[in-house]
Amino acid sequence: MMTLKENVLQHDELNMPQDEGDSIVGRSIFIIETTGKGILVQTSFEAEDGRLLEMPAIFPNIEYALAQIDEMRRLVVSKFSEAATIGIQSISSDALRKKTHEEALAYIAAHKDTLI
């Protein structure tokens with residue numbers, strides 16, 4: 001399973017209060033992962049210090065929301081494309097291994113008297 005963090009939601013600096021008097025500066029992000037069941041998308045908040053906090057994405061207006069949804073859509077399509085490419089490569093690799101194995105068995109069968 002490949003885990004890729006995609007910095008999609010590029011809010012300008014956001015101050016998210018933790019406790020009274022405290023604030024966290026960072027940005028909302030999408031975390032997009034390829035799993036065995038499909039593509040997983042979740043929102044999070046990446047603080048300036050690198051911490052990831054569970055927090056929903058906030059869209060301040062419809063234009064921004066639709067732009068981010070379009071970007072998320074592009075990234076999800078890209079992940080499915082990557083998964084398909086990896087699947088095709090795996091199938092091709094398996095077929096090549098099977099062919100090589102079959103060729104080796106055929107060679108052994110054809111030359112069994114001289115191999116021993």
Side-chain angles (χ1 to χ4, degrees):
M1 169 174 51
M2 181 186 304
T3 302
L4 293 178
K5 178 179 69 176
E6 302 289 351
N7 291 327
V8 177
L9 297 178
Q10 301 288 325
H11 288 294
D12 293 330
E13 296 299 303
L14 291 178
N15 292 314
M16 304 301 291
Q18 239 180 352
D19 296 320
E20 282 189 39
D22 288 339
S23 66
I24 300 172
V25 177
R27 61 185 170 193
S28 293
I29 61 171
F30 288 133
I31 298 174
I32 301 175
E33 299 179 48
T34 303
T35 70
K37 296 192 180 234
I39 304 299
L40 174 114
V41 179
Q42 66 186 66
T43 61
S44 192
F45 186 83
E46 182 178 39
E48 244 181 16
D49 63 9
R51 290 179 296 151
L52 287 180
L53 308 171
E54 290 186 27
M55 191 176 298
I58 299 170
F59 302 116
N61 58 54
I62 187 128
E63 293 84 17
Y64 185 79
L66 293 176
Q68 295 308 306
I69 290 167
D70 288 344
E71 181 64 9
M72 182 183 72
R73 178 186 192 127
R74 185 191 68 74
L75 290 167
V76 168
V77 168
S78 175
K79 287 291 177 198
F80 273 108
S81 178
E82 286 176 22
T85 300
I86 290 168
I88 289 168
Q89 289 171 346
S90 177
I91 290 168
S92 176
S93 178
D94 288 348
L96 181 61
R97 257 193 306 270
K98 182 178 178 184
K99 180 180 177 188
T100 303
H101 181 72
E102 289 170 354
E103 288 172 349
L105 290 177
Y107 180 85
I108 291 169
H111 298 92
K112 64 182 173 188
D113 294 334
T114 58
L115 292 175
I116 300 179

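Because only heavy atoms are used, hydrogens play no part in the values below, and waters and symmetry mates are left out as well, while side chains stay in.
- Rounded to the nearest 0.5 angstrom, Leu66 CG and Arg73 CZ are separated by 11.5 Å.
- Ile32 CD1 to Glu82 CD: the interatomic distance, rounded to the nearest 0.5 Å, is 10.0 Å.
- Shortest non-hydrogen contact noted between Gln68 and Phe30 is O-CE1, 3.8 Å.
- Arg74 has its side chain out of reach of Asp70: every pair of non-hydrogen atoms, C-beta onward, lies at least 4.5 Å apart.
- Of all non-hydrogen atoms in Arg51 and Asp49, the two that sit nearest each other are NE-OD2, 2.8 Å.
- Connection of Ile39 to Val77 is not established within any shared hydrophobic cluster, with ILVMFWY side chains joined at heavy-atom distances below 4.5 Å, either directly or through further cluster members.
- Here the straight-line distance linking atom CD1 of Ile31 with atom CD of Glu54 works out to 9.0 Å at 0.5 Å rounding.
- Of all heavy-atom pairs between Thr43 and Met55, the closest is OG1-O, 3.3 Å.
- Proximity of Ile29 to Leu52: side-chain heavy atoms (C-beta onward) are separated by under 4.5 Å at one or more points.
- Under a 3.5 Å cut-off, the side chain of Ser44 and the backbone N or O of Leu53 do form a donor-acceptor pair.
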